[in-house]
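Structure first, then comments.
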There are 2 protein chains.
Amino acid sequence: MADVAHAAGVSHQTVSRVLNAPQTVSPDTRQRVLRAVADLGYRRNSVARALASGHTRLIGVVVDELAFHGPGSTVVAVAEAARQAGYAISLDPQVTMSTDTVSAALDRLLSRAVDAVIVVSAHGWADIDAAAAHLDVPVVSIDGALGGATASVGVDQRAGAGLATRHLVELGHRRIAHVAGPADWPQAAERRAAVAQTIAEHGLTPGPVLEGDWSARSGHVAMRRLLQRHRDVTAVVVANDQMAVGAYRALTELGRRAPDDISVVGFDDIPEAAYLSPPLTTIRQDFSALGREAVRLVLSALAGEPCPSRLIPPKLVVRASTARPRGGQSATR
Amino acid sequence: MADVAHAAGVSHQTVSRVLNAPQTVSPDTRQRVLRAVADLGYRRNSVARALASGHTRLIGVVVDELAFHGPGSTVVAVAEAARQAGYAISLDPQVTMSTDTVSAALDRLLSRAVDAVIVVSAHGWADIDAAAAHLDVPVVSIDGALGGATASVGVDQRAGAGLATRHLVELGHRRIAHVAGPADWPQAAERRAAVAQTIAEHGLTPGPVLEGDWSARSGHVAMRRLLQRHRDVTAVVVANDQMAVGAYRALTELGRRAPDDISVVGFDDIPEAAYLSPPLTTIRQDFSALGREAVRLVLSALAGEPCPSRLIPPKLVVRASTARPRGGQSATR
DNA sequence: AACAGAGGATCCCGGTGCGCT
DNA sequence: AAGCGCACCGGGATCCTCTGT
């Protein structure tokens with residue numbers, strides 16, 4: 001910067017002004033400085049800026065399961081939105097999510113002096129809240145259950161699972177099973193609760209619930225068990241699309257077919273969902289919107305404005321894995 | 001830090017030394033300082049550190065298609081390896097990869113004063129090389145084709161495609177098609193070349209080649225076309241697993257089955273591959289190894305050691321989507 | 001004489017590296 | 001040998017001066 005100042009025949013403060021508040025510098029001088037900047041290929045050093053100004057324009061992102069489609073899309077959207085606002089992302093992906101690992105991550109991020117933190121994880125919010133409670137930077141959680149001390153953005157899981165279940169009920173299914181996610185994941189619990197509630201609301205008896213771990217493998221195991229033990233089930237809500245892939249496999253192995261023998265609804269709408277056989281009816285979550293919204297909240301918080309938690313509504317995408325039960329009748333009047 | 005120094009009754013420089021080179025401080029003083037650090041919950045500020053020391057211990061990561069399994073896994077591995085070496089990650093994901101977007105990303109990263117850059121993208125290396133050529137920090141590319149100015153790590157694409165093709169030849173297939181990735185992606189080109197070469201090496205005539213864009217959708221389109229126009233084909237090498245999902249869908253729609261009517265080999269080994277119907281024979285790429293290796297190279301470069309480009313061998317994972325052609329004979333003696 | 005705008009002088013951010021006591 | 005003082009990293013913020021009206 002000193003070089004630029006020298007080349008332009010001004011002081012370094014003037015250069016700083018040109019870069020930060022151009023209108024306070026006369027057009028003439030401004031041009032000279034800008035030329036010098038261009039000529040010397042000068043690029044201002046954010047480290048020094050951060051030290052002097054007290055903020056890094058860096059958002060720390062703690063994320064779980066980054067290799068999956070949902071979190072990956074969300075992180076891309078976060079980065080993109082942040083970039084547009086002049087912020088960069090410091091990523092701290094976790095392989096295991098626990099109070100310890102999260103607080104270690106927050107610690108690393110804070111020592112990097114991030115201006116805010118976004119936590120992308122569906123894996124429980126109690127820990128995050130606890131770890132984030134007395135931080136002096138804004139923390140926004142994505143996909144964590146709402147509530148607690150930190151602001152958060154999420155997809156309305158109950159609405160989604162309700163949508164899925166109602167779709168099946170309206171097709172005429174009366175015995176609906178659920179392949180749930182791990183019980184200790186709030187999202188899994190909410191989906192599960194909403195499935196049960198919707199079934200109850202329609203006066204049906206609760207169907208069997210099996211628990212998976214979000215993986216195709218676990219979906220396969222759960223569905224095999226389901227098909228073998230609960231022959232009266234005509235439809236199943238699977239808590240995510242990966243498990244639905246495993247469920248499909250189980251169907252094939254046992255000689256059953258969707259939707260003829262059993263209807264299947266997934267959750268997420270991964271890009272492959274439309275190309276499975278049969279194309280999977282599922283609940284679409286807008287992962288990108290989640291990321292953008294989180295950044296919006298962060299910027300609000302940084303600006304001292306209130307930043308209320310928000311729920312984004314999911315959408316039912318009907319494809320070919322659901323149909324009326326064989327010999328059943330539609331409940332739709 | 002001044003507070004800590006005061007609390008411990010030493011100067012702030014001594015505190016600095018306790019944190020950076022503990023052995024140069026007497027055990028006694030060291031204890032006092034460490035206590036003060038703990039009591040005050042002191043956490044050193046990397047921004048100031050960076051400014052004074054000249055390095056940020058930050059690795060910039062430019063990545064393409066982060067929402068997919070491969071890049072996602074790689075980034076996680078990069079971050080993990082970096083973390084272990086005391087480095088953090090600044091992420092700059094791209095939605096479109098071009099000379100402009102990449103150099104803008106490098107620019108942002110450099111102005112953040114990253115110590116090194118890792119570029120994760122299979123989308124051509126010429127641009128990256130050009131943009132990275134006269135950077136003063138080490139640049140390592142992952143998945144970019146080897147060669148050029150930047151060091152790189154990648155999976156041996158030719159070996160992988162060769163493995164896939166040879167597997168089919170050895171099963172007795174004589175008419176092998178290829179659903180390739182976009183021609184302007186070096187990896188797609190290499191896979192395509194290796195398929196052709198392997199076919200030629202075995203004295204077979206080249207099969208039809210169709211081009212997709214890595215998506216399930218494009219795999220679906222390509223496979224439909226293939227099945228309709230080239231009825232003599234008994235096996236197909238699909239350039240990635242997503243497209244294979246689409247290809248499966250086309251098979252189902254047209255009433256064909258794998259491997260009975262046609263054998264299918266994918267590429268990547270995404271987690272769902274084992275749960276498709278039939279379970280997909282594919283080429284496994286070790287994405288995590290890629291990430292770890294890239295960080296190793298970066299650290300070498302930073303230490304002033306040479307950092308030679310490296311290729312990681314892929315593996316053939318045989319599952320149920322490949323078999324001898326109907327009525328054909330195995331070429332295996 | 002008072003005032004507004006342009007640009008300069010200084011100190012400061014929170015550490016590190018070195019020479020010196 | 002242990003510990004201290006000083007300069008310095010590269011910019012920002014505040015206050016101040018100078019010019020012209």
Side-chain angles (χ1 to χ4, degrees), chain A residues 1-37 40-58 86 88 107-115 136-137 302, chain B residues 1-37 40-58 86 88 107-115 136-137 302:
Chain A
M1 189 171 220
D3 299 346
V4 173
H6 187 256
V10 297
S11 71
H12 86 271
Q13 301 76 352
T14 302
V15 177
S16 175
R17 265 190 221 113
V18 169
L19 265 24
N20 295 319
Q23 65 290 6
T24 67
V25 177
S26 73
D28 186 27
T29 316
R30 195 190 311 160
Q31 285 316 313
R32 285 214 316 286
V33 171
L34 256 21
R35 276 224 43 171
V37 165
L40 278 64
Y42 170 76
R43 171 186 290 144
R44 65 184 185 302
N45 179 331
S46 348
V47 175
R49 285 188 70 168
L51 184 58
S53 69
H55 51 256
T56 49
R57 299 191 78 77
L58 201 58
D107 224 64
R108 283 191 291 273
L109 256 20
L110 288 178
S111 104
R112 290 278 168 184
V114 296
D115 289 344
D136 47 352
V137 299
L302 252 20
Chain B
M1 189 171 225
D3 299 344
V4 174
H6 186 256
V10 296
S11 72
H12 82 275
Q13 301 76 351
T14 301
V15 177
S16 174
R17 246 176 294 119
V18 169
L19 265 25
N20 296 317
Q23 62 293 5
T24 66
V25 177
S26 74
D28 185 26
T29 316
R30 194 190 312 160
Q31 286 315 315
R32 282 213 318 284
V33 172
L34 257 22
R35 275 222 44 168
V37 165
L40 278 64
Y42 170 76
R43 169 187 293 145
R44 64 177 175 315
N45 180 331
S46 350
V47 175
R49 253 165 85 86
L51 184 58
S53 69
H55 52 256
T56 50
R57 299 190 79 79
L58 201 57
D107 224 63
R108 284 190 291 272
L109 256 19
L110 288 179
S111 104
R112 291 277 168 184
V114 296
D115 288 345
D136 46 352
V137 300
L302 251 20

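So that the names make sense, note that chain A is the first sequence line, chain B the second, and so on, each numbered from 1. If you're wondering where the values come from, they're calculated on a predicted model, not measured in any experiment.
Shown here are the side-chain contact (heavy atoms from CB on, under 4.5 Å) partners of B:A2, two or more places apart in sequence or in another chain: there are none. Partners of B:Q31 under the side-chain hydrogen bond (donor to acceptor under 3.5 Å, both in side chains) rule, at least two apart in sequence or in another chain, do not exist in this structure. Every residue meeting the side-chain contact (heavy atoms from CB on, under 4.5 Å) condition with B:D28, not counting sequence neighbours, appears here in chain and number order: B:S26, B:R32. B:H55 pairs by the side-chain contact (heavy atoms from CB on, under 4.5 Å) definition with B:S53, B:R57, B:D115, not counting sequence neighbours. In this view, A:R17 satisfies the side-chain hydrogen bond (donor to acceptor under 3.5 Å, both in side chains) rule with no residue, not counting sequence neighbours. Qualifying side-chain contact (heavy atoms from CB on, under 4.5 Å) partners for A:L58, counting only residues two or more places apart in sequence or in other chains: A:T56, A:A88, A:S90, A:V114, B:R112. Residues forming a salt bridge (charged side-chain N to carboxylate O under 4.0 Å, His left out) with A:D3 (at least two apart in sequence, or on another chain): none.
Rounded to whole angstrom, the span from the CE atom of B:M1 across to the C1' atom of C:dC12 amounts to 17 Å. Going from atom CG of A:D28 over to atom C1' of C:dA6 covers 11 Å, rounded to whole Å. Taking atom CZ of residue A:R32 and atom C1' of nucleotide C:dA6, one finds them 12 Å apart after rounding to whole Å. The separation between B:R30 atom CZ and D:dA1 atom C1' is 13 Å, rounded to whole Å.
With pairs defined as Watson-Crick or G-U wobble and both atom distances under 3.5 Å, the stems of at least three pairs that touch DNA chain D come out as C:2-21 with D:2-21.
For A:R17 and C:dG8, a side-chain-to-base donor-acceptor distance below 3.5 Å is present, hydrogens and geometry of angles not being considered.
Rounded to the nearest 0.5 angstrom, B:M1 CE and B:Q13 CD are separated by 8.5 Å.
Taking all atoms of both residues into account, the shortest heavy-atom contact from A:S11 to A:A5 is C-CB, 3.6 Å.
The stretch residues 5-15 of chain B touches DNA chain D through B:V10, B:S11, B:Q13, B:T14, each having a heavy atom under 4.0 angstrom from the strand. A heavy atom lying under 4.0 Å from DNA chain C marks the following residues of residues 42-56 of chain A, by number: A:L51, A:A52.
Between B:S16 and C:dT16 there is a side-chain N or O to OP1 or OP2 distance below 4.0 Å.
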Q. Can B:V47 and B:L51 be said to form a side-chain contact (heavy atoms from CB on, under 4.5 Å), step by step?
A. CA-CA 6 Å; B:V47 175; B:L51 184 58; 5.8 Å; no
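Listed for the A:R30 side chain is a donor-acceptor partner under 3.5 Å among the backbone atoms of A:V25.
Within 6.0 Å of CZ in B:R35 there are 12 or fewer heavy atoms belonging to other residues, nucleotides or ligands.
No side-chain heavy atom of B:V18 sits under 4.5 Å from any side-chain heavy atom of B:T29.
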N/O-N/O pairs, protein side and nucleotides 17-21 of chain D side, under 3.5 Å:
none

